[in-house]
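Working notes, beginning with the structure itself.
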Number of protein chains: 2
Amino acid sequence: MTGDTGGAQAPLRSASRVTLDDVARHAGVSAATASRALGGGPHVAAATRERVRAAAEELDYVASPEAARLAGGPTGRVAVLVPHPSRWFFGELLEGLEGELRAADLDLVLFRVGGPEERAAFFARLPARRKVDAVVVLTPVDETEHARLASLDVAVVAAGGRVAPYPSIAVDEHAAGRQAMDHLLHLGHRRIGMIDVEDAGRPDGRRAAWEAALRDAGVGPDGDLVVTVSADGEGGADGMARLLGLRSPPTAVFAHNDEIALGAVRTLRRAGLRVPEDLSVIGIDDHPLAALTDLTTVAQPVREQGRRAGELVRAALRGELDQQAATLPTRLVLRGTTSPPAAPR
Amino acid sequence: MTGDTGGAQAPLRSASRVTLDDVARHAGVSAATASRALGGGPHVAAATRERVRAAAEELDYVASPEAARLAGGPTGRVAVLVPHPSRWFFGELLEGLEGELRAADLDLVLFRVGGPEERAAFFARLPARRKVDAVVVLTPVDETEHARLASLDVAVVAAGGRVAPYPSIAVDEHAAGRQAMDHLLHLGHRRIGMIDVEDAGRPDGRRAAWEAALRDAGVGPDGDLVVTVSADGEGGADGMARLLGLRSPPTAVFAHNDEIALGAVRTLRRAGLRVPEDLSVIGIDDHPLAALTDLTTVAQPVREQGRRAGELVRAALRGELDQQAATLPTRLVLRGTTSPPAAPR
DNA sequence: TTGAAAGCGCTAACAT
DNA sequence: ATGTTAGCGCTTTCAA
């Protein structure tokens, strides 16, 4: 009945009873000095610092974050608000972020804020309250939510997109969209559809790029050519079907992201249409499966955005929020789903 | 130079200065009683408990987890060791896990243990020490690593695969492999290749299923038909290329997972071969892109495995590690990448 | 049933 | 440059 494997049964007590006092004693100094030495504080002789470090190492000392925090120090934890951990984009962001935070000895605490109820629950209860030194948001945040976050009274940074008032690491969505659109236009396409996602209606986003590119090319954008779908393959498939149902379907499609683009390609194949001969498709992201499916796309450095967000957090915690925002470059990746339109009209 | 937006500048102090003492005073009791009342402790009059609860509610009191922990309580945190957060499988696992932990008011702290150096660093420094009540491993753990984890002195559970000595939630790898292989055999294939991953050489795993299925079908397994690759699309593409280079290539391929299968399909298409007419391909997972690419596969409930692991953690923290392991079902999903072999030999 | 008192392990003044 | 002294906010004996 009671377990036989290595799991802990009883009230689960913490291991490593080595305290700062032990280290201090071992190094022949006071706890205060040991604290300063380890914490990188001022007024510690280099030799002393080294001695304390050695003692800590030898005793395999690990500070109690609880006690540190309680005594006024930082928690050593960073909350990350992520909508969909299972989507490649967010996983990649998380990976970059985790690496950078870990390097700074900061723990990453994951909070999922996907559906409306989850969001509401998070912002209502604010489970991160008093538990973290900073928050990284990987999702847009509205006015009300911003106010709630502000009540946490910690630094907030954004990654993977601009989020209203926070320092952020992102790509230029508009520029990325232009790269995609200009490629299609350059190939000779004029009737270009867009499969966009629900809430991405930023004024300087991908959708705006679609419109601007067409205007610049002297083509009056046709509102019928924009469909709005969920941000996944299913959405892309649906969106493409809707575009195909148009009286005059497009000769090329710009998808909000690669998953959507792949969904679009699937609908086209099912409809017996050839890609790119009959219809060109381009996405954004450079998802690993884009290479596998030979999808033309605009690549963005996702993991790097996460990493840089980690740097932003570290800077903020040092009290130097130097850069308010950074924009990373995107680049067109030519593959096999785009070509000149079939029949010149 | 100093920021102008809403970020916190100064030493980042915590919000919510309402303490237990405030609540106690408000309710006209002592801090000790308030603590017992809120914490569900014994020896508190129902009326008193209610009064304290009301006071806490009114003051919007949030207990300091730091202080609670320091005074002997649990941390309310669970560490999760994940190899590749950006891979769909792990993201999905994380999502399920997070939901269940959140419901129990447990925070999920993410530790990436991908490459060998990362693993080594984690197990050497054990950054989760003293910080969590339990650990969830989403990756195999060897003897040495197990010993290190044990030194944490907290409950450990596994998800997404059996991990030696821990309670775990997983699917039956062998059965899943058999489902895939039996499907191919049933279609009439006899020369079936396998693209497996590096370290997945569990004795009761997918590879063993490949072999067992062939033997049961009266086919002597040909070792040349097994190639070992990295667990992603690139690996699948490479593996398929190697199989095509064989003197006598297979008529069907069983891929360790869907990403690998998609990579294999890509190589086939590039080689001018038709799928499934010339060669059938089956994967495992039911990755969202499998539906989009019409890939036949064996589906496993990934998110559910994460969720169930969360339940396991909750049970462990209550001191009742009831179930030592649970096995979730898999099911064959017929799509368009498998068919009977072209030329009966 | 309730209260008083003693820490948990650490950091931050303030002294020296 | 280092040591001393107070707490941080809570839980938990132990008394009442």
Side-chain angles (χ1 to χ4, degrees), chain A residues 11-53 55-56 59-77 105 129-131 133 153 317 319, chain B residues 10-53 55-56 59-76 129-131 133:
Chain A
L12 302 171
R13 313 164 22 83
S14 69
S16 173
R17 315 242 102 260
V18 183
T19 86
L20 184 58
D21 278 312
D22 297 327
V23 175
R25 210 169 306 126
H26 204 80
V29 297
S30 74
T33 301
S35 174
R36 281 188 288 250
L38 263 15
H43 310 307
V44 189
T48 307
R49 175 158 297 166
E50 199 32 62
R51 200 147 32 89
V52 174
R53 276 208 219 288
L59 297 181
D60 205 18
Y61 167 73
V62 182
S64 158
E66 332 293 340
R69 170 60 170 162
L70 195 50
T75 66
R77 261 170 261 138
D105 247 306
R129 187 158 28 159
R130 304 239 237 156
K131 295 179 181 170
D133 300 328
D153 202 21
L317 295 186
Chain B
L12 303 170
R13 312 163 22 82
S14 70
S16 174
R17 316 242 99 259
V18 183
T19 85
L20 183 58
D21 277 313
D22 297 327
V23 175
R25 210 168 306 127
H26 204 80
V29 297
S30 73
T33 301
S35 173
R36 281 188 287 250
L38 263 14
H43 310 307
V44 188
T48 307
R49 174 158 298 167
E50 197 33 62
R51 200 147 32 89
V52 175
R53 276 207 217 289
L59 298 181
D60 198 21
Y61 167 73
V62 181
S64 157
E66 331 293 341
R69 168 58 172 165
L70 196 51
T75 66
R129 193 160 22 161
R130 301 239 239 156
K131 295 177 180 171
D133 300 328

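Reminder, nothing fancy here: chain letters follow the sequence lines and each chain counts from 1. Computed from heavy atoms alone, side chains included, the values below leave out hydrogens, waters and symmetry copies.
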Quick one: which protein N/O atoms are closer than 3.5 Å to N/O atoms of nucleotides 14-16 of chain C? Pair and distance per line, please.
none

Any N/O pairs under 3.5 Å between the protein and nucleotides 8-10 of chain C? List them or say none.
residue: C:dC8; atom: O2; partner: B:Leu70; partner atom: O; Å: 3.1
residue: C:dC8; atom: O2; partner: B:Ala71; partner atom: N; Å: 3.3
residue: C:dG9; atom: OP1; partner: A:Arg17; partner atom: NH1; Å: 2.9
residue: C:dG9; atom: N2; partner: A:Ala67; partner atom: O; Å: 3.1
residue: C:dC10; atom: OP1; partner: A:Tyr61; partner atom: OH; Å: 2.4
residue: C:dC10; atom: OP2; partner: A:Leu20; partner atom: N; Å: 2.3

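The side-chain contact (heavy atoms from CB on, under 4.5 Å) test applied to B:Ala68 returns no partner, not counting sequence neighbours.
Residues B:Leu20 and B:Ser35 approach most closely at CD2-CB, 3.8 Å, considering heavy atoms. Across all their heavy atoms, B:Gly76 and B:Asp133 have their closest contact at N-OD2, 2.7 Å. Pairing each heavy atom of B:Thr19 with each of B:Tyr61, the nearest pair is C-CE1, 3.6 Å.
Note that NZ of A:Lys131 is 11.0 Å distant from OG1 of A:Thr75, once rounded to the nearest 0.5 Å.
Counting only residues at least two apart or in different chains, side-chain hydrogen bond (donor to acceptor under 3.5 Å, both in side chains) contacts with residues 39-49 of chain A are absent. Judged as a salt bridge (Lys or Arg N to Asp or Glu O under 4.0 Å), the pairs with a partner in residues 25-48 of chain B (not counting sequence neighbours) are, in order, B:Asp22-B:Arg25.
Interface limits on DNA chain D: the 5'-most and 3'-most nucleotides within less than 4.0 Å of chain A heavy atoms are D:dA1 to D:dG9.
In this structure, the side chain of B:Arg130 does not engage the main chain of A:Ser64 through any donor-acceptor pair within 3.5 Å.
Looking at A:Val44 and A:Val52, their side chains never come closer than 4.5 Å, going by heavy atoms from C-beta outward. Residues A:Arg53 and A:Leu38 have side chains in contact (heavy-atom distance under 4.5 Å, counting atoms from C-beta outward).
Within the structure, every side-chain polar atom (N or O) of B:Thr33 is placed at least 4.0 Å from both OP1 and OP2 of C:dT2.
Among the protein residues, B:Ala32 comes within range of the nucleic acid bases, having at least one heavy atom under 4.0 Å from a base atom.
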